[in-house]
Q: 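Take this structure, written in structure tokens, and hold onto it; I'll ask about it next.
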Number of protein chains: 2
Amino acid sequence: MKPDDILIDYFSKLVYFENFDHNVLRELVSHAQRFVFASNEIIFLEGEPAKGLWLIEQGRVKIYKLNPEGREHVLRIFGDKDTFNDIPAFDNGVNPVNAMSLSDSTLWMLPCAIFQDLILRDAHFAMRVIRILSQRVRGLITQIEELTLYSVIVRVARFVLKQANDPVLIGEGVTRAVIASYLATTPQTISTALRELEQAGAIVFDRHRIMIIREDILRSIAML
Amino acid sequence: MKPDDILIDYFSKLVYFENFDHNVLRELVSHAQRFVFASNEIIFLEGEPAKGLWLIEQGRVKIYKLNPEGREHVLRIFGDKDTFNDIPAFDNGVNPVNAMSLSDSTLWMLPCAIFQDLILRDAHFAMRVIRILSQRVRGLITQIEELTLYSVIVRVARFVLKQANDPVLIGEGVTRAVIASYLATTPQTISTALRELEQAGAIVFDRHRIMIIREDILRSIAML
DNA sequence: GTATCGACTTCGCCTAGATGAAGTTGATAA
DNA sequence: TTATCAACTTCATCTAGGCGAAGTCGATAC
């Protein structure tokens, strides 16, 4: 395959472009730019005009907010084949969040302008975007629910269950500090919670791996 | 005007249907059903199949989540001319949240089925839906930010500022308990926070009204 | 007028979880 | 092999804010 074909093949696996016409994809791909980031580099900042939609070829990226004192809240962690910062591509607004690489990462960036045109030209693409955004809203509602209505130990238990189905949440760059910031708590409190889950017989863990021993116990602590 | 024309006129003021073709609106309106709720009635529950998109002719409605112990978190408060529960109309899913009237309310319900058809037929309507959903996502991100990165007094200060620009957040049904549940705190803590804002010279208040005295002070406490 | 009732306030106590400090561990490099 | 360093753990202390109890206030009903 030519380099372009590899890229097209790769794009056609993304949630936005599944089963997409390859000629349209070829056109899209021709506008894509490739970026390489080292670990812990800022990709973009909240409030800046958005460059475009980002795709992760390989690596880990955190999406986060900062308060004036510099405290951080991680909204999401993305990995291979994920896309992020789509919102500005749809509403022409500025970046709603900050983005930083958690590991050495290879990314692609697709300029915003392309999207709005595509939405107006292709009703089925528009419908797909609407479905994706609807799922996003549901996900954010769930995040708010978990943050406001459940204690740290419940949130940690749910996170461990989530990790089991999402390899992105394990591995390079996903440190206790990042998990803590994602669960709106501290690394120390995560440690304590994991120890409690272990004493309850739900998991065993060391600093690299968390293993679920009794999913039923874990789920009951997670109130699921 | 005939009753139908009043309704069409009313629909044409909603964010989804501004500047809409009146013939299409007439068709839409013909499927709408009217509902009257007393104060504190359940309109629908999370997890139920969605009846449709709701419109508030007059009244107040809270959208909320409950945890297994019955603790509540209010996600949003809606009032006259607002619409809610649009998500299931786009993705055919179940209700993501619970809804309850906060006052005697008159509502309209527009069956889901109509929307998807409209999206596929009208690219500009689809674009409008995408813009609305994008704004929704931005709003939810802001909510998460405020809940995780700011203390109660900051959240209360921001709420008071929000009230000044949004009459929906004042008046019948919007009790301390509802505000507390919206800010993920308790009525007692709201009282304490308001007293602190008063002592700082930012506001004066009694149990019915909060008046901003020095917006600059309030904004600085709100960290804005 | 007085009774009732729900919303609001105030106060005291209490706890989940934040914070800071002092290790421990394990990976990488010299 | 040893030094370094970042990530992680553990523990002691502290505090924001939750919670229960006891008023207060003001609207509505009688």
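Heavy atoms only: backbone and side chains are in, while hydrogens, waters and symmetry mates are out. Naming convention: chains lettered A, B, ... in sequence-line order (proteins, then strands); numbering from 1 in each chain.
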Q: Taking CG from B:L149 and P from D:dA16, how many angstroms apart are they, rounded to a whole number?
A: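 Checked: the CG to P distance equals 17 Å.
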Q: B:V152 side chain: which of D:dG17, C:dG26, C:dA18 is closest?
A: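 When the side chain of B:V152 is considered, D:dG17 is the closest of D:dG17, C:dG26, C:dA18.
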Q: Does A:M211 have more than 12 heavy atoms from other residues, nucleotides or ligands lying within 6.0 Å of its CE?
A: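 No, not enclosed.
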Q: Does B:F84 have B:R76 sitting over its ring (NZ/CZ under 6.0 Å from centre, angle to axis within 45°)?
A: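 Here B:R76 fails the 6.0 Å and 45° test against B:F84.
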Q: Does A:R207 make a side-chain N or O approach to OP1 or OP2 of C:dG26 shorter than 4.0 Å?
A: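 Result: no.
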Q: May I ask you to verify if any side-chain N or O of A:T186 is less than 4.0 angstrom from the OP1 or OP2 atom of C:dA18?
A: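 Yes.
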Q: Look at the side chain of A:R195 and decide which nucleotide, out of D:dT10, D:dG18, C:dC8, has an atom nearest to it.
A: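 When the side chain of A:R195 is considered, D:dT10 is the closest of D:dT10, D:dG18, C:dC8.
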Q: If you pin A:T192 and B:R71 to their nearest nucleotides in DNA chain D, which one's is more 5'?
A: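 Checking each residue's closest nucleotide, the 5'-ward one belongs to A:T192.
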Q: Using only side-chain N and O atoms of B:T189, determine if any of them is under 4.0 Å from OP1 or OP2 of D:dG18.
A: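 Indeed, a polar side-chain atom of B:T189 lies that close.
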Q: Nearest to the side chain of B:T175, heavy atoms from C-beta on, is which of C:dC8, D:dT9, C:dT9?
A: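 Per side-chain heavy atoms of B:T175, the pick is C:dC8.
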Q: Looking at A:Y10 and A:L55, what are the two nearest heavy atoms and their distance?
A: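 For A:Y10 versus A:L55, the nearest heavy atoms are OH-CB, 3.8 Å.
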Q: Just how far, in rounded Å, is P of C:dA18 from CD of A:E72?
A: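 It works out to 15 Å between those atoms.
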Q: Could you measure the distance from the CD atom of A:E145 to the OH atom of B:Y64? Nearest 0.5 Å is fine.
A: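 Rounded to the nearest 0.5 Å, the CD-OH separation comes out at 13.0 Å.
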Q: A:I153 has an atom CD1; how far is it from atom C1' of C:dA18, in whole Å?
A: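 The answer, rounded to whole Å, is 17 Å.
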Q: Determine whether any donor atom in the side chain of B:Q188 lies under 3.5 Å from an acceptor atom in the base of D:dG18, or the reverse, and answer yes or no.
A: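 Per atom types, no contact qualifies.
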Q: Can you tell me how far P of D:dT10 sits from CD of A:Q199, to the nearest Å?
A: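 Taking CD of A:Q199 and P of D:dT10, I get 9 Å after rounding.
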Q: How many Å lie between CZ on A:R176 and P on C:dG26, as a whole number?
A: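 In whole Å, C:dG26 P and A:R176 CZ are 13 Å from each other.
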Q: Parallel, tilted or perpendicular, judged at 30° and 60°: which one describes the rings of A:F11 and A:W108?
A: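 Correct class here is perpendicular.
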Q: Would you kindly give the CD-to-P distance between A:E172 and D:dA6, to the nearest whole Å?
A: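 The distance from CD of A:E172 to P of D:dA6 comes to 16 Å, rounded to the nearest Å.
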Q: Using whole Å, what does the distance between atom P of nucleotide C:dC8 and atom CD1 of B:I210 come to?
A: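 It is 10 Å, rounded to the nearest whole Å.
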Q: A:L147 has an atom CG; how far is it from atom P of C:dG17, in whole Å?
A: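 Distance, rounded to whole Å: 12 Å.
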Q: For A:A184, which contact category applies under a 4.0 Å heavy-atom criterion: base, sugar-phosphate, or nothing?
A: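 Contact class for A:A184: sugar-phosphate only.
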